[in-house]
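In what follows, a single structure is set out as structure tokens and then discussed.
Keep in mind the model is a prediction, meaning the values are calculated, not measured. Here is how names work: the chains are called A, B, and so on, in the same order as the sequence lines, proteins then strands, and each is numbered from 1.
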Amino acid sequence: MAKLSIKVHDLEFQNPVTVASGTFGFGEEMTKFIDLNKLGGIFVKGLTIHNREGNDYPRMAETASGMLNSVGLQNKGIDYFIKHIYPNIKDYNTHIIANVNGSTIEDYIAVTEKLNELDKVPAIELNISCPNVKQGGMLFGISCPSAIAVTDAVRKVYDKTLIVKLSPNVTDIAEMAKAVEGAGADSVSLINTLLGMAINAEKRKPVLSTITGGLSGPAIKPVALRMVWQVYKAVKIPVIGMGGIMNATDAIEFFLAGSSAIQVGTANFIDPAISLKIITGINEYLDRHNFDCVEDLIGALEV
Amino acid sequence: MAKLSIKVHDLEFQNPVTVASGTFGFGEEMTKFIDLNKLGGIFVKGLTIHNREGNDYPRMAETASGMLNSVGLQNKGIDYFIKHIYPNIKDYNTHIIANVNGSTIEDYIAVTEKLNELDKVPAIELNISCPNVKQGGMLFGISCPSAIAVTDAVRKVYDKTLIVKLSPNVTDIAEMAKAVEGAGADSVSLINTLLGMAINAEKRKPVLSTITGGLSGPAIKPVALRMVWQVYKAVKIPVIGMGGIMNATDAIEFFLAGSSAIQVGTANFIDPAISLKIITGINEYLDRHNFDCVEDLIGALEV
Amino acid sequence: MQKIVENHEVIETVHLNENSYVLRLKSPVEIPEIHPGNFAEIQVPDTMGVFLRRPFSILDVNYKNREISFYIKAIGSGTQKLGELQPGMQVNLIYPLGNRYTIPQGLKRALIVGGGTGIAPFILLGKELKEKGIETTFLIGGRTSKDILLTDKFSEYGTIEVTTEDGSMGEKGFVTSHSLFNRNDFPFEYVYTCGPDAMMKAVGHLVTQKGVVCEASLENMMACGYGICLCCVTPTVEGNKRVCYEGPVFNVSYLKWQN
Amino acid sequence: MQKIVENHEVIETVHLNENSYVLRLKSPVEIPEIHPGNFAEIQVPDTMGVFLRRPFSILDVNYKNREISFYIKAIGSGTQKLGELQPGMQVNLIYPLGNRYTIPQGLKRALIVGGGTGIAPFILLGKELKEKGIETTFLIGGRTSKDILLTDKFSEYGTIEVTTEDGSMGEKGFVTSHSLFNRNDFPFEYVYTCGPDAMMKAVGHLVTQKGVVCEASLENMMACGYGICLCCVTPTVEGNKRVCYEGPVFNVSYLKWQN
Ligand SMILES: Cc1cc2nc3c(=O)[nH]c(=O)nc-3n(C[C@H](O)[C@H](O)[C@H](O)COP(=O)(O)OP(=O)(O)OC[C@H]3O[C@@H](n4cnc5c(N)ncnc54)[C@H](O)[C@@H]3O)c2cc1C
Ligand SMILES: Cc1cc2nc3c(=O)[nH]c(=O)nc-3n(C[C@H](O)[C@H](O)[C@H](O)COP(=O)(O)OP(=O)(O)OC[C@H]3O[C@@H](n4cnc5c(N)ncnc54)[C@H](O)[C@@H]3O)c2cc1C
Ligand SMILES: Cc1cc2nc3c(=O)[nH]c(=O)nc-3n(C[C@H](O)[C@H](O)[C@H](O)COP(=O)(O)O)c2cc1C
Ligand SMILES: Cc1cc2nc3c(=O)[nH]c(=O)nc-3n(C[C@H](O)[C@H](O)[C@H](O)COP(=O)(O)O)c2cc1C
Ligand code: FES
Ligand code: FES
């Protein structure tokens with residue numbers, strides 16, 4: 001069996017298959033389906049400084065090979081997380097990575113400072129790419145200066161591995177990646193959702209309460225692969241890839257394009273055990289192609 | 001039966017259903033399948049000043065609910081078009097609209113000047129969004145100053161309806177639309193393809209000879225609808241919408257989001273008669289919902 | 001609660017009218033305990049435009065034969081395709097999901113109000129109420145007599161009242177206009193409802209005004225069905241709750257329904 | 001050339017080995033004239049991951065019974081699904097597409113070299129060659145004897161030679177190592193080939209060196225199949241040409257094959 005462990009900056013993952021923020025809750029609901037200890041890591045649902053009720057229903061629209069969501073970062077706030085959720089999940093034998101959100105730089109700093117104190121959260125993912133909130137969110141992630149400002153501010157208060165999650169809704173993703181690398185990110189993860197919209201023709205109304213929402217699923221895989229490839233070539237820090245990964249072949253494609261680890265998102269909604277099946281499939285691929293370790297696939301696209 | 005005709009600037013279309021550039025050739029091959037005179041218009045394959053052989057094979061990859069292409073503007077050049085193709089198609093009872101491409105502003109001007117002389121080409125579509133050429137193409141379409149420069153230069157030499165085709169690979173599509181509106185565009189069409197990539201995991205190679213290509217088909221419809229809606233709210237000139245339209249319901253959604261006319265693209269590859277079926281379907285929708293004319297649907301989304 | 005994710009074999013599809021059918025499936029493993037109100041997420045085999053699973057209430061279950069069934073109305077591509085499945089074909093299911101209708105201690109007389117496919121959870125509920133010796137009345141509403149289905153099943157567990165909009169069966173009108181609600185004595189201590197939103201709201205309003213508890217099972221657009229996406233929320237007095245996880249069954253006075 | 005876009009009914013699917021089958025379909029309208037080398041674009045019914053139509057050479061046609069058939073090897077989702085279609089099901093076809101193999105005036109002896117599903121066009125070609133009184137030899141290559149299919153059909157139109165890589169049938173080796181090519185006299189004035197790219201290149205090379213004309217039908221990833229997308233080009237001495245429209249059949253000396 002090939003070696004599956006990989007490193008993202010200083011942090012070693014037992015395997016490169018993690019689950020994407022917002023698509024796995026805090027893991028608790030999933031214990032009924034799979035053994036979480038087998039995962040490379042869990043990026044938990046986005047956290048904010050205060051409780052957020054999220055957007056109004058409807059928050060979901062199905063699209064061709066994908067879906068739109070406009071959940072809007074519903075969560076009970078960082079203090080609730082620390083008090084009521086963290087204790088239940090901290091002893092899993094997998095990395096718990098917190099997804100950090102804010103409307104202002106101060107928000108981001110405040111949440112990060114609290115997370116910095118948690119022993120069993122070895123990394124944070126700075127979400128500057130949420131398309132579903134009115135303030136902050138994606139606005140930070142679509143201009144270099146603001147991305148730099150928030151990354152820099154968080155870096156100053158965070159000692160562990162800092163992953164910055166990039167928005168695909170930009171002209172030049174490589175520029176954005178270089179900007180946050182320069183500002184101190186240890187890794188970048190991409191892509192968050194593409195901004196999209198669905199309309200109910202019969203009712204002549206938007207399907208989502210928020211009119212627009214974030215597009216995820218296989219529909220966006222070609223865009224995600226392209227961006228991972230562009231970013232991989234532009235930066236020196238490790239890239240964590242995601243966007244439409246539904247099976248092991250998709251995962252392999254992301255490694256080849258330059259991902260050190262991958263995140264499984266929307267696929268969790270269709271098969272709660274998909275992440276473990278992907279681990280098995282990666283193993284089979286490595287054996288079949290005589291690779292000793294998954295690391296040898298990273299960026300190994302022959303062009 | 002409801003009134004189907006619409007206007008784009010000064011130009012009246014007998015109905016709002018046209019076919020997208022690069023997805024219908026010059027129409028000649030399609031006469032075996034449908035009566036071209038029934039179409040609202042035909043946006044012919046992209047033209048350049050000189051003959052272009054396009055990119056190497058493979059130029060196509062299938063993706064979830066979509067496809068990538070990297071044809072690379074293969075065409076025999078504007079002079080060949082005028083001499084050998086225009087005479088065969090000029091008397092169709094539908095608008096022939098030329099899709100204009102260039103590597104430099106001078107190229108765009110040169111092609112446009114020749115088209116300005118053709119009586120039966122009542123409009124041009126300035127393609128500043130082709131992702132599949134090394135020079136020019138999309139580079140003009142992803143920054144406001146260059147989009148303004150090329151639109152402005154072409155406007156000076158073109159007397160008829162000037163449509164500018166926008167690239168979706170930008171942070172702010174509304175800004176781009178306002179920029180070309182300010183530079184003299186009579187209309188904007190959108191979206192061109194999203195830049196994407198496909199990988200063959202078994203061979204560890206890109207599928208396309210050009211590594212990246214342009215994503216089209218239903219997968220991109222949510223992004224296209226969102227951009228049409230954003231642009232419709234930002235400009236006063238008419239919007240021509242496209243991106244993944246496969247049936248009449250999709251077309252209606254684009255009207256509601258703000259399109260005055262629509263272009264059918266990739267769907268032509270699956271059903272050569274789809275554009276005519278869409279016209280029929282629009283008629284049925286208008287009757288069923290008691291609309292007198294399709295114009296009443298434009299931007300009629302209730303938000 | 002134990003959950004399974006398994007391919008099930010189609011036993012048969014029984015068509016009830018032009019667009020409603022009962023889908024009977026066989027599980028390859030023992031069926032875990034199912035409670036009234038629980039639902040399953042069914043993966044529709046390869047269908048253009050159907051990407052996510054579809055949620056359906058569990059109609060009935062036979063633990064011995066490992067049989068589970070659903071009552072489905074074809075309203076779109078997914079429900080259309082499920083109706084075309086042939087015996088022997090496989091379809092993947094996740095269940096049991098969601099919470100259940102509650103049966104309070106000491107309950108004596110219950111009213112069940114259903115419309116459309118909303119009647120699906122009521123065979124299991126009726127069965128359990130009967131087992132507990134609770135007297136049950138089923139009030140079923142529809143547009144015409146053709147929409148009044150499965151009454152033979154319900155009659156095993158209680159008495160049946162019907163309303164139709166065109167008066168072709170039972171009392172004419174909506175369920176909420178049924179004479180049951182207009183009598184001075186309202187003999188029921190608990191009301192269970194499931195059906196179109198508008199119906200449930202009207203029933204909930206009417207019943208709580210009488211000071212009687214009403215539980216409703218909410219319809220909702222779901223992405224996952226097991227609590228991880230937060231797409232399916234409904235506003236409650238305690239903030240947004242997941243219909244698939246904290247629900248689908250809610251006490252109506254806990255809900256803050258919007259339109 | 002008249003073209004049709006029509007739903008066809010599946011008559012039957014005849015499985016030839018683990019992954020090859022003949023799909024027989026019935027047209028609802030009169031079948032237009034089909035020439036050897038023509039192909040059809042088949043729309044694969046609802047299948048995850050299959051968005052575009054799939055091109056297949058026309059294997060045989062019966063104008064009177066309105067029957068058309070294809071010889072298909074299951075290599076991916078689309079060809080898998082087509083092999084699972086049941087009699088009575090509908091599948092949408094566009095045809096005839098592409099150009100044809102040419103039969104020059106005065107031709108006396110023709111050699112047909114095919115491998116894999118590349119043999120599909122050669123029933124129609126063999127038929128026409130026989131009608132015109134041309135003596136035809138079929139040289140069929142495969143990995144093992146199991147890959148040598150449809151020879152009963154070809155034997156109606158000419159003599160058959162076989163090569164297999166493991167020597168389990170005919171001469172051992174590739175088609176290009178067959179003794180036919182090593183004799184001092186090469187009695188054929190025209191060679192037709194279809195099969196894997198590498199085979200066709202080798203055959204083309206060998207044959208043109210002998211000063212004999214060779215026509216090959218190219219494989220290609222197609223988006224439309226009728227000339228409007230420009231995805232399917234192959235480089236020729238006159239620049240890029242569409243395989244689906246100017247081809248799929250080309251004189252090999254017209255081609256500039258790359259690898
Ligand atoms: C907990 C729960 C239990 C259910 N139980 C049953 C049942 O027992 N029997 C049954 O027939 N149906 C039931 N439904 C509804 C069922 O899930 C939908 O009818 C089904 O998902 C439609 O799929 P489709 O692909 O056919 O339609 P689509 O093509 O997806 O949709 C067709 C139309 O229906 C609307 N729609 C789709 N899904 C829903 C939904 N979940 N709620 C409201 N509107 C929707 C869409 O907006 C669209 O306008 C239940 C739903 C939930 C949430
Ligand atoms: C003019 C023409 C005639 C053909 N005639 C026949 C025939 O008579 N019988 C037959 O079995 N097949 C024929 N083919 C090939 C057939 O079109 C493909 O096998 C089919 O499209 C595969 O579809 P799929 O969904 O099963 O495979 P996919 O899942 O799409 O692909 C599986 C693998 O096969 C490769 N592949 C897919 N399509 C092609 C292609 N067109 N050329 C080369 N590689 C490809 C893919 O890159 C992938 O690696 C013909 C192709 C052309 C262009
Ligand atoms: C319902 C839903 C909720 C999401 N919530 C978050 C979130 O809270 N924080 C975040 O960074 N990304 C969030 N995402 C984005 C995903 O983490 C991921 O970037 C995106 O879905 C693309 O991957 P996929 O195509 O595999 O789903 C969410 C996505 C979905 C579908
Ligand atoms: C094969 C192919 C070739 C194309 N060539 C051109 C072109 O020459 N000029 C142009 O402006 N757009 C071109 N496009 C883009 C389409 O006109 C259209 O903008 C895009 O495909 C989105 O619409 P769709 O999803 O309906 O296909 C091409 C698209 C495809 C698929
Ligand atoms: S549907 Fe995903 S949380 Fe309820
Ligand atoms: S496949 Fe479209 S031109 Fe040949």
Side-chain angles (χ1 to χ4, degrees), chain A residues 61 63-68 131 142-143 167-173 176 194-206 211-215 217-230 244 246 248-257 285 288-289 297 300-303, chain B residues 61 63-68 131 142-143 167-173 176 194-206 211-215 217-230 244 246 248-257 285 288-289 297 300-303:
Chain A
T63 66
S65 298
M67 62 175 276
L68 290 164
I142 59 174
S143 98
S167 169
N169 301 296
V170 296
T171 308
D172 191 341
I173 190 85
M176 295 299 310
L194 279 167
L195 194 62
M197 177 171 173
I199 291 175
N200 184 323
E202 290 302 310
K203 295 189 182 154
R204 288 188 285 284
K205 284 189 179 159
I211 305 179
T212 61
L215 183 64
I220 69 170
K221 193 185 75 169
V223 174
L225 277 176
R226 182 264 293 183
M227 290 189 166
V228 165
W229 172 242
Q230 289 178 324
M246 300 296 285
T249 307
D250 294 337
I252 303 289
E253 292 169 16
F254 275 85
F255 297 134
L256 294 170
Y285 179 95
R288 187 152 43 85
H289 290 269
L297 288 180
L301 193 72
E302 292 166 25
V303 291
Chain B
T63 67
S65 300
M67 62 175 276
L68 290 163
I142 59 176
S143 98
S167 169
N169 302 294
V170 296
T171 309
D172 190 340
I173 191 82
M176 294 300 310
L194 278 167
L195 194 61
M197 178 171 172
I199 291 175
N200 184 322
E202 290 302 309
K203 297 188 183 155
R204 289 188 286 285
K205 284 188 178 159
I211 307 178
T212 60
L215 183 64
I220 69 170
K221 194 184 77 172
V223 175
L225 276 176
R226 181 263 294 182
M227 290 189 165
V228 165
W229 172 242
Q230 289 178 323
M246 299 299 282
T249 307
D250 294 337
I252 303 290
E253 291 169 18
F254 275 85
F255 296 134
L256 294 170
Y285 179 95
R288 188 154 40 86
H289 289 268
L297 289 180
L301 193 72
E302 291 166 25
V303 291

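- Taking OG1 of B:T212 as the start and CH2 of A:W229 as the end, the distance is 10.5 Å to the nearest 0.5 Å.
- Heavy atoms of B:I252 lying under 4.5 Å from chain A belong exclusively to its side chain.
- Rounding to the nearest 0.5 angstrom, the gap separating the CD1 atom in B:I220 from the OG1 atom in A:T63 is 12.0 Å.
- Only the side chain of B:L194 comes within less than 4.5 Å of a heavy atom of chain A; its backbone N, CA, C and O stay farther away.
- Heavy atoms of B:I211 lying under 4.5 Å from chain A belong exclusively to its side chain.
- The contact between B:A257 and chain A is made by backbone and side chain atoms together, counting heavy-atom distances below 4.5 Å.
- In terms of heavy-atom pairs under 4.5 Å with chain A, the best-connected choice from B:L195, B:V223, B:I173 is B:L195.
- Interface residue B:L297: only side-chain heavy atoms are found under 4.5 Å from chain A.
- Of the listed residues B:M227, B:K203, B:E202, the one with more heavy-atom pairs under 4.5 angstrom with chain A than any other is B:E202.
- Of the two parts of B:Y285, only the side chain, counted from C-beta on, holds a non-hydrogen atom closer than 4.5 Å to a non-hydrogen atom of chain A.
- Heavy-atom pairs under 4.5 Å with chain A peak, among B:P168, B:P222, B:G196, at B:P222.
- Of the atoms belonging to B:T249, heavy atoms from both backbone and side chain fall under 4.5 Å from chain A.
- The shortest heavy-atom contact between B:K205 and A:E302 is CE-OE1, 3.6 Å.
- Across B:N169 and A:R226, no two heavy atoms sit closer than the pair OD1-NH2, 3.7 Å.
- For B:Q230, the part sitting under 4.5 Å from any heavy atom of chain A is the side chain, from C-beta outward, and nothing else.
- With respect to chain B, the highest number of heavy-atom pairs below 4.5 Å among A:L256, A:L301, A:V228 belongs to A:L301.
- Of all heavy-atom pairs between B:P206 and A:V303, the closest is CG-CG1, 3.6 Å.
- For B:L215, the part lying under 4.5 angstrom from a heavy atom of chain A is the side chain only.
- Heavy atoms closer than 4.5 Å to chain B are found in the side chain of A:L68, but not in its backbone.
- Across all non-hydrogen atoms, the minimal contact from B:L225 to A:M197 is CD1-O, 3.7 Å.
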